[in-house]
Structure formats: C-alpha cells, structure tokens
Number of protein chains: 2
Amino acid sequence: MAKTTSPDKPGTARQRGVTMNDVAKHAGVSRTAVSFVLNNREDASISEETRVRIAEAVQALGYRPNAGARALASQRSDWYGIVTEIVTAPFAVDIIKGAQDQAWSDGRFLLIAPSDQGDAAGPNQGMEDAAVEKLLEQRVEGLLYAATHHRGVHVPPSAHEVPTVLVNCFDLDGKLPSIVPDERAGGRVAVERLLKAGHTKIGVINLDPRIPAAVGRLQGVREALADAGLELDPELVAAGYATADGGYDAACQILDRYPAKDRPTALFCLNDRMAMGAYDAIKERGLAIPGDIAVIGFDNQELIAAYLRPKLTTVALPFEKMGALGVQTLAALTAGQPITASQQLVDCPLLERSSV
Amino acid sequence: MAKTTSPDKPGTARQRGVTMNDVAKHAGVSRTAVSFVLNNREDASISEETRVRIAEAVQALGYRPNAGARALASQRSDWYGIVTEIVTAPFAVDIIKGAQDQAWSDGRFLLIAPSDQGDAAGPNQGMEDAAVEKLLEQRVEGLLYAATHHRGVHVPPSAHEVPTVLVNCFDLDGKLPSIVPDERAGGRVAVERLLKAGHTKIGVINLDPRIPAAVGRLQGVREALADAGLELDPELVAAGYATADGGYDAACQILDRYPAKDRPTALFCLNDRMAMGAYDAIKERGLAIPGDIAVIGFDNQELIAAYLRPKLTTVALPFEKMGALGVQTLAALTAGQPITASQQLVDCPLLERSSV
DNA sequence: GCCCGAAAGTAACGCGAGTTACCAGGCTTA
DNA sequence: TAAGCCTGGTAACTCGCGTTACTTTCGGGC
C-alpha cells in the first residue's frame, strides 16, 4: 500500500486546499483529534495543550472546513431551500430577506431557486418541479415555498419528501403548514384607526373581490364597522384594477357619487398603488389630504408609501416576519415536530404616517 | 450522552435515500457503470442494452444524485456565491435576479450571503468577512460582490482566493474586474431625448455631486448639450437629498428662480424619487406634464416610474443585465481566463413613457 | 506488587460519488 | 495459430470529514 498521499505531480499547480490531514500533521496529532477539537466535542478527551496546538495549526495553515464533505459525513447539510416566484417578480422580496436572515443567524444556508408559478396551476409547472428537484439534489433539509401574492397553490409532489412550509400562500391540498398575513385583522385595524379619527363615512377601494386579500380585508372592514354600530354601505365600495390608474378611477367614482357635503371623509385603499391613484383624484378636486379626506393604504410598498406627499399611512404586509417565521417553523419540523396543515396568521401592523 | 445510533426502526422513517449502489444492484451492474452512464461519458464503452437497464433502474428507484458527494469527488461544486447588501436593502434586487437566472440556466447554484457594507469601510466589516468565509466553506467556485449604489468598495481579502467580480461597484484597490452602469451615456441619452423634443432650457435636479452616479450623469448631460452647441447653465442645476422631498425642494428652487416665460421647459431628475417630488412641485404650480414641463427621471424604480401620473419617462439602471453579466464574467474567469481589473460598462436604456 | 479506571489519543470504517487502472472475451490480422 | 485490438465492464482508490471502537499511559487504592 502506498502511503496516504500520492506525490503531487510536478506540473499540476492543482491548489488542493488545506485539509484536516494537513492540520493534523502540522500539529503532530491524528486527524481524529483535529475533528474532535474543531467540533468542540466535550465527550472526547483532548488535553488543553493539544487543543491549543491544533488551534494554532488551523490558524497557521488557514484551514477552512469543507462544508460539503462535512455534510456528506454527518448526513446533515444545514441547508434549507426556498422555491419562489419572488425571484422572478420581486414584489415581496422581503420574504426572502426575512428567511435569509433567520437562516443565516441559525448557521444555515438558504438555497434560493426561482419559479414561474402562474397564477393558477402554472403553465410553467415544469420549471417549478425542476427547481424542487435541484434543491433536493443538494440535500436540503427542508423547503420553503413562497408566493408574491397571498393565494392558494399546489405544491410540486416531490416537495413532500422533506418538511415543507408555505409562506404567503396556502396548500390547496390541505396537507402542509402555511404562514399567511392576517388580512382580516389588517382591514380591521385600518378602519378602527379611521373611526378613532372621527370618520364614519368611509369609502373603500377594493381589489378583485375574489382574491383572499380582498375577502379578508373586507371582512375586517365590516367587523370594525359593526363594532361601532355601523354597516358597510355598498355604495361606498368601488373595485378596480390593482394599479394607480385603477385606484384613480375608483376614487373618482366614489367621490363624484356624492355632493360635497355628503362626501366620505376617508378612503381605505386596499393597496398602496391604488392609494397613489386616489391621491391624484383627491388633489385634482382641490381637496386636501388628510384635511378633507384621510387615506389609508395597504401593503406598505416603501417606495410608494414613504414617498407620496403627504406620506401614506398604511397597513404593512409582514413579509419579512413571515419569511423568518417560515424558517423557524421549518427548524421545528426538521427537529422532529410532526407536520400538520396548521395555518399561522401573522399580524399586519398599521404604519402611521401623515395621511390620516 | 445522546444515542447517536439510530436503528432504522423508530417512528421516524430515517429515509436513507437511494444511492448509486442501489441503482447498480438493481440493474445488475457495477457502480462504475452507473456513474459512466449518468455522466454520459462517451469515452467509456457501455452497451446500449445496459444503458437502458440502468436508466430503468434509476427510474424505478427514483434515484436522485447527491450533489454534495459529487462535488466532493469531482472537486467542483458548480456553485457561485454572491455577497451583497442588497439582501439587507433591496433596492437593486434585480441584480440578484439577473445573476440568479443566468446561473440557474447555466446549471449552477447561486448562494446568497447578506452583508451590511456601510457606505465606506463598513462599520460591519466583520459580517461581510464572515459572509465570504461562509461561502468559501461551501467551496464556491467564484464570487460576485454587489452593491446597491454604484460606488467604490474594498473587498474582503479572502475574496481573492477565488475569481471575484464586482457588480454595480468597483474595486478601490484596482485589482478586480467590475461591472457598472454607464452613467455618462445614461445622462447623455436623457438630454438628447429632451433636445429632440425641442427643449433647450433644461433644469437638472442633481444628486450629491460627489457620488459616481452624479459625476457620470452630469458629464453625459454636458456632452449632449455640447453636441447641440449648448452649455450647462449652473443656475439650472439644483442638488438635494435623494428623496421625494429633496426633489420637491430642488424643483421649487429651479422653477421659482425664473419668471414664467423664461422658465425651463424640462427637468432632468437624477433619480426617480426626486422626480416624484418634482411632479408635485410642478402640479402645485398649475403646470402640466409634459405639456408645460417635460420630466425625465433616472433609475426606473418600477413602483414609482410606472405608477406616477403621467407615467415617468426615465433612464433605467440595468441591474438585471449587470447581474447576468457578472455571472457570465465569472464563468469566463473560472474557465481559466486571466483576471484583470477591467471595467465593463453596461448601457442604461431610456424607457419612454408619458412624461416627455 | 497488582489491578483498575480515567485520560489522551488513534486506527479504521463509512458517507456517495468520480476516476483510473486493469481484465475477460471475441474478432482481426499476419 | 498466436499476437493484437476492440468491446464491455469492474475493482479499487480518492475526495474531506464524522464517528466508533480500540489502545496506551499513568496514577492510585488495596
């Protein structure tokens, strides 16, 4: 048997990188000892002196552990995967940020894979399956599946091979745990804020009424009004495309439906883009915000809400928190907690700025 | 202390995963044969019949290669790493998207690591070093280093251990290749557009004049004017904070400096947020966009530019393209191309909307 | 003086692949 | 008929590291 190392061929500059073996040799101990020290295994007995020698050798050689090899040997990768359309349409990019931060501070890596989930059973299902497949090849210990818009989804079958958590969407097949914003409470807090400011005639600029966000938020609106002994007048609700133009049109409808003295004194826009349009409609009519009409938005799209003039008071979608919670939930699952189809609601806080 | 030995019995289906050995057994061949087939090695001779048998076994068993083990054995991970503050401040998130897409379609993974690069030699240099270190532990084959704002940076020393490319920033130590937007050409194209529309008196709302973006864009402005035989009148330039409020103030300054008939007929705002503020200043004065005053922005922040009313014509920062080009450059470097401190300029296209 | 147990390590195996060297048999060719 | 060559394939080594089982030394109790 040849000795452990084959002689390095002269020509090959093949920078092999320094391994635990090199450290061991340099410190005059066995590789096992190095491994013990590096992993802080208190159950193995290594003298303080040797410990120090090894640490010095690590320093001297600039040793850097090989995560892949470690994963292979220990059968755990410390990797999570996230597959998401957010990569392709970065509206809710904070989900990634939250997940990333949480994973990172837990000493894990988050592998990010793109997907083109169509709005329903995607036209591009293949890409998504491939993404999951790729992640599983990397032996991720768990999967996050995130959407840009709160909605129901079908998860690729192979995702069931490891613990999986849905973020900002929920499993239409009802098998996986999910984390979604508490739309209802969000709608409620917005209206409560307006009521508190003395507004009783509140216009609502609605989204497509079929999507979960609209359903939840509107229910919250009704609840808040009911608590104050009021009811939601259908005349005060207008729906439109989820754009600034849509918001402009809807605001015009509502505002022009009444003579000045009967006009609603506040508008609750179910997203910030629509609020942006509503601003224009209001200003065009020579009305002041919030003097004549108060406005509350939803989503807290920083670039809009924080830069509109006056700055927009809005309900924030807790993307970052949902991402973090996703990773935490995943950690619990991979630690052995049983998988259930539980749904965690995350609070949508009201951000007070200057439009109320 | 802990029972590390887990007989495969207990409740948790310790799903060992099927390996190449299993496939080999199932197909009645050696593991080597399987490896050859899976890697499509044309130099090894395997009969068509065996090939098929192996493929069937792979199917039947649902075999999935272990990327980590493959990386270990083949000494190549197919991973790139990107360390960036973009994760923490997602302004230029499209850089990640571009890089991710490119890497993905090249069959590689992009590991994303966060950093808190302060604006100068960061207060949080430690975090950044740690990020690079972590990526190197994963044995990434190359590094991307990206910033949210075009500027000079110092790269952590260990980044020099693998090919590294800077994106949207450049190496103050002048050793690494970088990819940055062509600010100068961007400024030029904006002004040329205004000139073409007949504007000759053009106000400029400037950024902090020391940053590379301002320097470059302003130079472009001068060039375009010079080509038309004009000069940049200092009176027409106002700087401000890079916010909507800053833009509002600066626009007021410029507009109120002149009587109505001498007023500039166009404003070039060096970023979209300032353009947002300028819009307000213009509208407040009862002027129409673009009828009385045309506006061009810079950055193409979708949420602003596409939703302002009228929609903002602006010069786009080519984040996505820079990200993609970063990965391409990295691929060339890891393929053996020598590392130089070359700087690639990426075009900033003008996006025509409705404000000119 | 002998046995025992803790302290301090070490040899050897396995993780899941890629890769090299080598072998068996059949067909050509001289 | 023997030497060579191609076809089809395999054993064995390697990658860097975790882990288990086993060895050696040494101090102390009886």
Side-chain angles (χ1 to χ4, degrees), chain A residues 1-9 12 14-25 27-54 58 61 63-78 136-139, chain B residues 1-6 14-25 27-54 58 61 63-78 136-139:
Chain A
M1 338 287 185
K3 274 308 194 174
T4 49
T5 58
S6 54
D8 267 335
K9 304 292 160 100
T12 46
R14 206 32 208 239
Q15 170 160 334
R16 260 296 199 253
V18 14
T19 78
M20 274 183 64
N21 257 319
D22 303 327
V23 175
K25 246 175 247 164
V29 297
S30 74
R31 199 180 53 68
T32 307
V34 177
S35 174
F36 283 166
V37 169
L38 259 49
N39 293 338
N40 263 324
R41 290 195 37 164
E42 296 297 349
D43 56 326
S45 57
I46 305 282
S47 72
E48 192 51 34
E49 188 201 317
T50 323
R51 269 196 152 65
V52 170
R53 271 221 318 289
I54 292 180
V58 166
L61 272 54
Y63 168 73
R64 179 160 30 223
N66 181 320
R70 186 207 296 266
L72 184 56
S74 65
Q75 295 286 303
R76 40 180 321 228
S77 61
D78 280 339
L136 290 178
E137 284 185 9
Q138 308 292 333
R139 297 302 187 266
Chain B
M1 54 180 96
K3 50 200 94 176
T4 43
T5 65
S6 57
R14 175 81 180 136
Q15 174 165 326
R16 257 292 199 256
V18 14
T19 78
M20 274 181 63
N21 259 318
D22 302 329
V23 175
K25 247 174 246 163
V29 297
S30 74
R31 201 180 52 67
T32 307
V34 178
S35 174
F36 283 167
V37 169
L38 260 49
N39 293 339
N40 265 323
R41 290 195 37 165
E42 298 296 348
D43 56 326
S45 59
I46 305 281
S47 73
E48 192 51 34
E49 188 201 318
T50 335
R51 269 194 152 67
V52 170
R53 271 224 315 290
I54 292 180
V58 166
L61 272 53
Y63 168 72
R64 179 158 31 220
N66 181 320
R70 185 208 297 265
L72 183 55
S74 66
Q75 299 284 306
R76 41 183 318 233
S77 62
D78 280 339
L136 290 179
E137 283 185 10
Q138 309 292 333
R139 296 301 188 266

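By convention in this document, chain letters (A, B, ...) are assigned in the order of the sequence lines, proteins followed by strands, and residues within each chain are numbered from 1. Bear in mind the structure is a predicted one, so any value in this text is a computation, not a measurement.
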Sugar-phosphate only, base, or nothing, as touched by B/Val29 at under 4.0 Å among non-hydrogen atoms: sugar-phosphate
Sugar-phosphate, base or nothing in reach of B/Asn21, heavy atoms under 4.0 Å: nothing
Starting from [atom2] on [N], measure out to [atom1] on [X] and report it in whole angstrom.
X: A/Asp22; N: D/dC15; atom1: CG; atom2: C1'; answer: 13 Å
X: B/Arg51; N: D/dG9; atom1: CZ; atom2: C1'; answer: 12 Å
X: B/Ile54; N: D/dG8; atom1: CD1; atom2: P; answer: 13 Å
X: B/Asn66; N: C/dC15; atom1: CG; atom2: P; answer: 12 Å
X: B/Asn40; N: C/dG18; atom1: CG; atom2: C1'; answer: 15 Å
X: A/Gln138; N: C/dG16; atom1: CD; atom2: P; answer: 16 Å
X: A/Glu42; N: D/dT19; atom1: CD; atom2: P; answer: 15 Å
X: A/Leu38; N: C/dG9; atom1: CG; atom2: P; answer: 15 Å

Of the listed nucleotides ([options]), which one gets closest to any side-chain atom of [X]?
X: B/Gln75; options: D/dG18, C/dA11, D/dG16; answer: D/dG16
X: A/Thr19; options: D/dC17, D/dA12, D/dT19; answer: D/dC17
X: B/Arg31; options: D/dG18, C/dT19, D/dT20; answer: C/dT19
X: A/Phe36; options: D/dT20, D/dC17, C/dA17; answer: D/dT20
X: A/Ser35; options: D/dT19, D/dT10, C/dT20; answer: D/dT19
X: B/Ser30; options: C/dG18, D/dA11, D/dC15; answer: D/dA11
X: A/Ala73; options: C/dC15, C/dA17, D/dC15; answer: C/dC15

For [X] and [Y], which heavy atoms make the closest approach, and how far apart are they?
X: A/Arg70; Y: A/Pro65; value: NH2-CB, 3.6 Å
X: B/Arg31; Y: B/Met20; value: O-CE, 3.4 Å
X: A/Arg51; Y: A/Arg41; value: NH2-O, 4.2 Å

Point-to-point distance, once rounded to the nearest 0.5 Å, from OG of B/Ser30 to NZ of B/Lys25: 13.0 Å
Nearest-0.5 Å distance that lies between atom CG in B/Asn40 and atom CD1 in B/Ile46: 11.5 Å
side-chain contact (heavy atoms from CB on, under 4.5 Å) between B/Asn66 and B/Thr19, worked out: CA-CA 8 Å; B/Asn66 181 320; B/Thr19 78; over 6 Å; no
Any donor-acceptor N/O pair under 3.5 Å between C/dA17 base and B/Ser74 side chain: no
Please list each protein N or O that sits under 3.5 Å from an N or O in nucleotides 4-8 of chain C, with the distance.
unit_1: C/dA8; atom_1: N7; unit_2: A/Ser45; atom_2: OG; d: 2.8

Nearest-nucleotide comparison on DNA chain D, the residue closer to the 5′ end among A/Arg70 and B/Leu72: B/Leu72
Criterion side-chain contact (heavy atoms from CB on, under 4.5 Å) on A/Val34 and A/Val37, from CA distance to verdict: CA-CA 5 Å; A/Val34 177; A/Val37 169; 5.9 Å; no
Donor-acceptor pair, side chain of B/Ser77 and main chain of B/Ala71, under 3.5 angstrom: no
Positive for side-chain contact (heavy atoms from CB on, under 4.5 Å) with A/Val58, one of A/Val18, A/Val23, A/Asp22: A/Val23
B/Thr50 side chain to B/Ser47 side chain, donor-acceptor N/O pair below 3.5 angstrom: yes
Angle by which the axis turns from one end of the helix from C/dG1-D/dC30 to C/dA30-D/dT1 to the other, five pairs per end, to 10 degrees: 70°
C/dG18 OP1/OP2 closer than 4.0 Å to side-chain N/O of B/Asn39: yes
